[in-house]
*Asks:* 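The structure that follows is given in the form of structure tokens.
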There are 2 protein chains.
Amino acid sequence: MPPARRIPEATVARLPIYQRLLLELVRSGAATVSSEQLATLAGVNASKVRKDLSFLGSFGTRGSGYDAEFLLGQIDRELGLDQDWPMAIVGIGNLGRALAAAPGFSSRGFRICGLFDVDPSVVGTRVRGVLVRHVDELERVMAEDPPAIGVVATPAGVAQVVADRLVAAGVKALLNFAPRVLSVPEEVLLRSVDLSIELQVISFHLSHGTTAPAAVDGAAMAAVD
Amino acid sequence: MPPARRIPEATVARLPIYQRLLLELVRSGAATVSSEQLATLAGVNASKVRKDLSFLGSFGTRGSGYDAEFLLGQIDRELGLDQDWPMAIVGIGNLGRALAAAPGFSSRGFRICGLFDVDPSVVGTRVRGVLVRHVDELERVMAEDPPAIGVVATPAGVAQVVADRLVAAGVKALLNFAPRVLSVPEEVLLRSVDLSIELQVISFHLSHGTTAPAAVDGAAMAAVD
């Protein structure tokens, strides 16, 4: 791993956006991509794109742009998407199902190793080929195939209990979709997503008659700037 | 509307986080809240909280903290949540259903005025009391009760077509959950959410052995810092 340089959190948050845009460009047959192109698609300015990418090493060629596939590979590696991140999702309601089916949750490094719920009509069914088990089995199943990441997609009322059990069973990180502030031990990485935050950002701009940055894209780190 | 001062985009992205934390504090009976408390919960430092809130006017009292309910009201007003934002959701699969049921999508200013899908097993059913109609009816239904915001929760392949129809039918803003970069006319506000971005931020930190800012919370504006 070459750079000892610490990548700023705001850059970390933009890398997945570049990754997704590059994936789309590569799939559509693009061989090269300019920082201007990426900037327009990501809704940031080109100098910021160049600065962000400079943290990955210097491999852009002035004038001819970046090799799209190579850059994609570099970003994948930087994001750790070349590694295996087994993941357990607890709460297989509509959101849990949507997450289990989301392309970003089942590819690019992530692998669903456990789905858990308490609803008897859901336990025993399969989502994308993976058996949904009762939460009572969580510790036993996790001991066999330990997930690195636990995803909490339960109702708010049980989110903390579920988080505690996932942490006790050894996950290194939690991704929380429940509308509840969770507490976890310091060594566990916690990230939370509130699906309605972008809606409120829209409401802000509509009510103020202001414009938001064009095509801003992503669910990430509102608290960092 | 008092302040002519333009609120920075990063502050706009944090207001919904403060809003959600305050809502939880007020519900749990808290009368006042300190900037330190809010800062810890939001995973930012206290001086940033104070600076963010200063854009709303000066109503914190040094030493005794903020009146929680008053501050919540101020943030609601700033975010435009005291207004009515009718909203149409297109794509009533697992994600669309999860969104329609999410507390943030049906309260605090937002009102679902239309749900649309093409699946015959879904069209005609009700989600949270709202009838799901066929997308063929979109223009007619929207002419009767025009939504300000269109939410795209369709598969990627049809997202642009759906966006075009929502724009043609008069929405002022689009919130896109489909994994596809959309293009819209300049006057239409576009925000996109990728549910897997936080997962990639987690993967970055796990693979680098670094820690992310504690309890960062929210789906917002990765491209802005």
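Note that the structure is a prediction, hence the values are computed from the model and not measured. Chain naming here is simple, since letters A, B, ... match the order of the sequence lines and numbering starts at 1 in each.
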*Asks:* Mind listing the closest non-hydrogen atom pair of B/R180 and A/R20 along with its distance?
*Replies:* N-NH2, 3.4 Å
*Asks:* Most heavy-atom pairs under 4.5 angstrom with chain B, which of A/L174, A/I202, A/L199?
*Replies:* A/L199
*Asks:* Using a cut-off of under 4.5 Å on heavy-atom pairs, state which of A/D52, A/V184, A/L15, A/I149 scores highest against chain B.
*Replies:* A/I149
*Asks:* If I measure from the heavy atoms of chain A, does B/F110 come under 4.5 Å with its side chain, its backbone, both, or neither?
*Replies:* side chain
*Asks:* Select one option (side chain, backbone, both, neither) describing which atoms of A/Q19 are under 4.5 Å from chain B's heavy atoms.
*Replies:* side chain
*Asks:* Counting heavy-atom pairs closer than 4.5 Å to chain A, which one of B/L175, B/L206, B/D82, B/V151 comes out on top?
*Replies:* B/L206
*Asks:* Kindly give the heavy-atom pair with the smallest separation between B/F204 and A/I7, and that separation in Å.
*Replies:* CE1-CD1, 4.0 Å
*Asks:* Taking CD in B/Q37 as the centre, count heavy atoms belonging to other residues, nucleotides or ligands within less than 6.0 Å. Is the count above 12?
*Replies:* yes
*Asks:* Is there a side-chain contact between A/L81 and B/Q200, using heavy atoms and a 4.5 Å cut-off?
*Replies:* yes
*Asks:* With a 4.5 angstrom heavy-atom cut-off, could you sort out which part of B/A39 is near chain A: side chain, backbone, both or neither?
*Replies:* neither
*Asks:* With chain A as the partner, which of B/A156, B/S183, B/G109, B/P179 has the greatest number of non-hydrogen pairs under 4.5 Å?
*Replies:* B/P179
*Asks:* Would you say that more than 12 heavy atoms from the other residues, nucleotides or ligands in this model lie under 6.0 Å from the CD of A/Q160, or not?
*Replies:* yes
*Asks:* Can you name the nearest heavy-atom pair linking A/I197 to B/A13, along with the distance?
*Replies:* CG2-O, 4.3 Å
*Asks:* Below 4.5 Å, heavy atoms only, C-beta onward: do B/H208 and A/R6 meet side chain to side chain?
*Replies:* no
*Asks:* Evaluate the side-chain proximity of A/W85 to B/S207: yes if any heavy-atom separation is below 4.5 Å, no if none is.
*Replies:* yes
*Asks:* Show me the donor-acceptor pairs, under 3.5 Å and distance only, between side chains in residues 88-102 of chain A and residues at least two apart or in other chains.
*Replies:*
none

*Asks:* Do A/H205 and B/E9 come close enough that some side-chain heavy atom pair is under 4.5 Å?
*Replies:* yes
*Asks:* Any donor and acceptor pair, going by atom type alone, linking the side chain of B/S203 with main-chain N or O of A/L79 inside 3.5 Å?
*Replies:* yes
